[in-house]
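The next block holds one structure in the form of C-alpha cells; read it before the comments.
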Amino acid sequence: VQMVESGGYSVSPGGSLKLSCPPSVLTNGRNCVAWFRRAPGKERQGVARIFRGSGDTYYPDPVRGRFTITQDNAKNTVDLHMNSLEPEDTAMYYCAGFDYCVVRDGAIIGAGSDYWGQGTQVTVSS
C-alpha cells in the first residue's frame, strides 16, 4: 500500500486496506454510519452500513465477503476493512453518518440529517 501525495492510497490488486471514518462524522449521535464510493463516470454506491446501536451491518453484493465495517464504541471509531481489492474498487470513498439508513433494491440509502467526510481516493492497480 502506498500513500500518495493527495492523501489517497494506491493498492495492488488482491491487496487490503483499512479506511477510518473521520471523527466529525461520528458525533451528534447519528445511528447509521455508511461508506460510499464514487468511481469516475459512475453513480455513488454504498458499500457498507452499520447501525451504531445494534452493530448490525449490511453489504451489497459487489463487496460482500471482501469488505467489513467495524466499530469500536469505546474509541468511537468506525473502520472499513477492504480485502481482495480489485481494479473495479478504484473510487473516492466517503464515510457518512445519518439518522437512519434503509436498503432499497440492494442499495444503501441514508436518510434524515447527514454528515459526510471529505473522501479518500483509493486506486487499485498493478
Side-chain angles (χ1 to χ4, degrees):
V1 177
Q2 293 183 330
M3 190 165 187
V4 297
E5 288 185 0
S6 62
Y9 296 93
S10 179
V11 186
S12 299
S16 299
L17 183 67
K18 183 185 80 172
L19 300 179
S20 295
C21 197
S24 57
V25 174
L26 304 178
T27 58
N28 297 319
R30 291 182 176 87
N31 184 51
C32 176
V33 175
W35 284 92
F36 292 81
R37 67 185 181 186
R38 174 170 276 165
K42 295 186 177 181
E43 293 187 356
R44 188 176 64 198
Q45 174 189 39
V47 296
R49 175 229 75 198
I50 189 166
F51 289 141
R52 302 297 312 276
S54 65
D56 182 73
T57 59
Y58 172 80
Y59 310 92
D61 287 344
V63 304
R64 187 173 297 134
R66 300 189 298 121
F67 289 15
T68 304
I69 186 170
T70 62
Q71 66 176 355
D72 184 326
N73 290 331
K75 298 180 180 179
N76 195 30
T77 59
V78 173
D79 297 325
L80 180 67
H81 305 263
M82 303 184 289
N83 297 312
S84 302
L85 283 163
E86 305 166 352
E88 292 73 21
D89 296 317
T90 294
M92 184 73 79
Y93 283 74
Y94 301 88
C95 181
F98 304 91
D99 288 339
Y100 63 97
C101 297
V102 297
V103 174
R104 189 172 300 153
D105 296 329
I108 297 168
I109 300 173
S113 65
D114 61 345
Y115 190 92
W116 292 77
Q118 289 189 338
T120 301
Q121 177 66 38
V122 174
T123 302
V124 184
S125 69
S126 54

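All of these numbers come straight from a predicted model, not from anything done at the bench.
For the pair R49 and F36, the cation does not sit on the ring face, since its NZ or CZ is not both under 6.0 Å from the ring centre and inside 45° of the axis.
In this structure, L80 is not a member of the same hydrophobic cluster as Y94, with clusters built from ILVMFWY side-chain heavy atoms closer than 4.5 Å. Linking Ile, Leu, Val, Met, Phe, Trp and Tyr whenever their side-chain heavy atoms come within less than 4.5 Å puts L17 and I69 in one cluster. Put simply, Y100 and I109 are part of the same group of oily side chains (I, L, V, M, F, W, Y) that touch within less than 4.5 Å, one to the next.
Between P22 and G117, the shortest heavy-atom contact is CG-CA, 4.2 Å. In plain terms, the two heavy atoms of V33 and C95 that are nearest each other are CG1-SG, 3.6 Å. Shortest non-hydrogen contact noted between Q71 and R52 is OE1-NE, 2.7 Å. A pairwise comparison of heavy atoms in P60 and G46 identifies CG-O, 3.1 Å as the closest pair. Residue T68 comes nearest to Y59 through the heavy atom pair CA-OH, 3.4 Å, listed as atom of the first residue, atom of the second, then distance. Minimum interatomic distance between Y115 and S24 (heavy atoms only, all atoms of both residues): CE2-OG, 3.5 Å.
Using a 4.5 Å heavy-atom threshold, the side chains of L19 and V122 count as touching. The closest side-chain heavy-atom distance from V25 to R30 is not below 4.5 Å. Side-chain atoms of L85 and F67, non-hydrogen and from C-beta on, do get closer than 4.5 Å to each other. For the pair M82 and V47, the minimum side-chain heavy-atom distance is 4.5 Å or more. Looking at P23 and N76, their side chains never come closer than 4.5 Å, going by heavy atoms from C-beta outward. Considering only heavy atoms from C-beta on, K18 comes within 4.5 Å of S20 through its side chain. Contact check for P62 versus Q45: side-chain heavy atoms found under the 4.5 Å cut-off. Contact of the V78 side chain with the L26 side chain is registered, since non-hydrogen atoms from C-beta on lie closer than 4.5 Å.
The structure places CH2 of W116 at 4.0 Å from CZ of F98, a figure rounded to the nearest 0.5 Å. Note that CG of D89 and OG1 of T123 are 11.0 Å apart. Values are rounded to the nearest 0.5 Å. Summarising the geometry, atom CD belonging to E88 is positioned 7.0 Å from atom NZ belonging to K42; distances are rounded to the nearest 0.5 Å. Rounding to the nearest 0.5 Å places CZ of R44 at 13.5 Å from CE of M92.
A donor-acceptor pair shorter than 3.5 Å cannot be found between the side chains of T77 and D72.
With hydrogens and angles disregarded, a donor-acceptor distance shorter than 3.5 Å links the side chain of T90 to the backbone of V124. Y58 places no side-chain N or O within 3.5 Å of a backbone atom of A107 that could act as its donor or acceptor partner.
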